[in-house]
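See below for the structure under consideration.
All chains are named by letter (A, B, ...) in the order of the sequence lines, taking the proteins before the strands, and each is independently numbered beginning at 1. Since the model is a prediction, treat every value here as computed from it, not as a measurement.
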Number of protein chains: 2
Amino acid sequence: MPALAPRQVSVDTRRTILDAALELFSERSFDGASTRAIAELAGVTQPLLNYHFAGKEELWRATVDDLFERFRSSMQARFSGLRGVDDVTIAKLMVRHFVEFSAANPQLHRILMQESKRASSRLDWLVETHVRPLYENAIAMFDRLATSGDLAPIPPAHLYYLVTGAGASVFVMAPECQRLTGVDPFAPEFVAAHADLVVDLLIRATTKESP
Amino acid sequence: MPALAPRQVSVDTRRTILDAALELFSERSFDGASTRAIAELAGVTQPLLNYHFAGKEELWRATVDDLFERFRSSMQARFSGLRGVDDVTIAKLMVRHFVEFSAANPQLHRILMQESKRASSRLDWLVETHVRPLYENAIAMFDRLATSGDLAPIPPAHLYYLVTGAGASVFVMAPECQRLTGVDPFAPEFVAAHADLVVDLLIRATTKESP
DNA sequence: AATGGACCTGATCGTTCGATAAGTTTCTAC
DNA sequence: GTAGAAACTTATCGAACGATCAGGTCCATT
């Protein structure tokens, strides 16, 4: 063919590129995903990425920004209508939402794990921009639970591991789980059952013993 | 200088290369760690890697083989002398050992996480060669506990997540933990305390309620 | 003292990477 | 209907990648 008809006024090209970038960054990690492969998946040419984004690093940040923005807005949509619900229930719902969003968007965990397991300036940015706010929300929540007397207080460092670990551990080994147990870890019924199990585990482990 | 005096009969050059490879593979992941950088860290020239190993992929496998071999032998050394200890205690010790080894060898988790979060032929090899045997050991252990009546039985898929997640979650977020809480997640006293906490969490969550 | 092989290096191969420069097409504004 | 900005492409850059090859150095053997 001589030349593809250049589609104009397509303002959603940026969207298409972001989707392709999320797919490949999460599958092959930053270094493994070439800009040419991303462009091909998006159905555009490679230099167009540099037209819409300042560079590969900038494309990666925009991709992560977009992903976390979707997570926050889904969280907002689910919890903004809640009124008169006790903190324990909210905590349960938050973990469940985290697990369910992870099941629907496995790219979040892939990128988080890949990037948190290497030393790079991208990690600094990711933690400060996206992880810290989530962490501080969770800490505040559990602090409130502890002072209200429902849960036994846990030192912040341990709490950090329990909160992030309880949610994150669910899909850390997702592909291996499928292979070893034959269960599809993204099946809705499994997601719901395991979310309940993780919540119970967390609550039971921190619930004060009855005297 | 004209040329470095070529040291001969150095049979531990292979060892030096493996150490450098483990360091960089875990820090920058497979694609991010160039063979030239590995060679430089090892203090040799880049073509020497191809002399000792068939290629980059082969070097990676040899590195992972070596790492898991160290894990297995440390496990062996710790548990081979145990006699007359009940299964619950052994389970506690296993998780504790896993956590402690992870603290001393953070590269294990880095490589496991990086590689399990991408689609590659290396993942297939890693799971079948190293992860599956560990998994089947753990399943057998908890099966024995369940049939002996101490723990409530859990479906294998959930058990898989709980076993791997309880151990793995500890260091999934290690660098962020340091940054956010100010606690060094590799300090011995923290490792010991958190291992106990994880074990308690796992045991309490699966211990049968007294009627 | 000569030889063969193990160990290691310098030079360089072809490929692929991210980035850019220059040119083309399409829509909008007047 | 023509000018100009916006959107997109083709062609190509220099750098870095993994791999190979032709040698060079040292030691063990005889």
Side-chain angles (χ1 to χ4, degrees), chain A residues 1-25 27-64 114-115 118 120-122 125, chain B residues 1-25 27-64 114-115 118 120-122 125:
Chain A
M1 68 207 84
L4 280 178
R7 53 197 79 67
Q8 68 277 11
V9 281
S10 78
V11 270
D12 47 7
T13 299
R14 195 185 154 96
R15 217 344 352 112
T16 308
I17 293 177
L18 282 178
D19 290 340
L22 177 61
E23 195 61 30
L24 289 191
F25 278 141
E27 266 185 11
R28 311 182 189 174
S29 90
F30 184 82
D31 292 302
S34 72
T35 56
R36 280 175 174 81
I38 294 174
E40 186 183 15
L41 183 60
V44 298
T45 55
Q46 181 252 352
L48 191 63
L49 304 195
N50 278 78
Y51 175 77
H52 285 285
F53 306 91
K56 188 183 184 183
E57 194 101 9
E58 206 56 42
L59 172 61
W60 183 85
R61 296 192 187 203
T63 302
V64 175
Q114 288 164 359
E115 214 53 46
R118 63 168 71 192
S120 75
S121 60
R122 295 190 300 276
W125 174 85
Chain B
M1 67 207 85
L4 279 179
R7 56 196 77 68
Q8 66 275 14
V9 281
S10 77
V11 269
D12 47 6
T13 299
R14 196 185 153 95
R15 224 324 10 104
T16 309
I17 294 176
L18 282 177
D19 289 342
L22 177 61
E23 195 61 30
L24 289 190
F25 277 141
E27 266 185 14
R28 310 181 189 175
S29 89
F30 184 82
D31 292 303
S34 72
T35 55
R36 279 175 174 81
I38 294 174
E40 187 183 14
L41 183 61
V44 298
T45 55
Q46 182 251 353
L48 192 62
L49 305 195
N50 279 78
Y51 176 78
H52 285 284
F53 305 92
K56 189 183 184 184
E57 194 101 8
E58 206 55 43
L59 172 60
W60 184 85
R61 296 193 186 204
T63 303
V64 176
Q114 287 164 359
E115 215 52 47
R118 64 168 70 193
S120 75
S121 60
R122 294 190 300 278
W125 173 85

Worksheet item: Can you find a heavy atom in the side chain of A:T16 that is under 4.5 Å from one in the side chain of A:V44?
Response: no
Worksheet item: Is A:Y51 near enough to D:dC8 that one of its side-chain N or O atoms lies under 4.0 angstrom from OP1 or OP2?
Response: no
Item to complete: Would you mind reading off the distance between B:D12 atom CG and C:dC8 atom C1', rounded to a whole angstrom?
Response: 14 Å
Can you pull every protein N or O that's under 3.5 Å from an N or O on nucleotides 11-16 of chain C?
none

Worksheet entry | Spatial distance of atom OG1 (A:T45) from atom CZ (A:R36) [nearest 0.5 Å] | 10.5 Å
Discussion item. Rounding to an integer number of Å, can you tell me how far B:E57 CD sits from D:dA19 P?
Written reply: 9 Å
Practice prompt. Take the protein atom CG of A:L48 and the nucleotide atom C1' of C:dG23, then report the distance between them rounded to whole Å.
Written response: 15 Å
Discussion item. Are A:F25 and A:L59 packed together at the side-chain level, in the sense that at least one heavy-atom pair is separated by less than 4.5 angstrom?
Written reply: yes
Discussion item. Please check this pair: side chain of B:K56 against backbone of B:F30, looking for a donor-acceptor N/O pair closer than 3.5 Å.
Written reply: yes
Worksheet item: Base, sugar-phosphate alone, or nothing: which one does B:A33 contact when heavy atoms must sit under 4.0 Å apart?
Response: sugar-phosphate
Worksheet entry | Any B:D31 side-chain heavy atom under 4.5 Å of A:R28 side chain | no
Worksheet item: B:R14 CZ to C:dC8 C1': how many Å, rounded?
Response: 16 Å
Item to complete: Answer yes or no: does a side-chain N or O of B:H52 lie under 4.0 Å from OP1 or OP2 of C:dC8?
Response: yes
Worksheet, complete the sentence: Rounded to whole Å, CD of A:E58 lies from C1' of C:dG18 at a distance of 15 Å
Worksheet item: Does a side-chain N or O from B:T45 land closer than 4.0 Å to OP1 or OP2 of C:dG10, or not?
Response: no
Worksheet item: Of the candidate nucleotides D:dT9, D:dG18, C:dT9, which contains the atom at the shortest distance from the side chain of B:V44?
Response: C:dT9
Discussion item. In this structure, how many angstroms lie between the P atom of D:dA19 and the CH2 atom of B:W60, rounded?
Written reply: 15 Å
Worksheet entry | Atom-to-atom span, CD of B:E40 to P of D:dC17 - whole angstrom | 11 Å
Item to complete: Give, for atom CZ of A:F53 and atom CG of A:L48, the distance between the pair rounded to the nearest 0.5 Å.
Response: 9.0 Å
Practice prompt. Output, in order, the C-alpha distance, side-chain angles, deciding distance and verdict of side-chain contact (heavy atoms from CB on, under 4.5 Å) for A:L18 and A:R15.
Written response: CA-CA 5 Å; A:L18 282 178; A:R15 217 344 352 112; 3.9 Å; yes
Worksheet item: For B:F53 and D:dA19, what is the distance between atoms CZ and P respectively, to the nearest whole Å?
Response: 13 Å
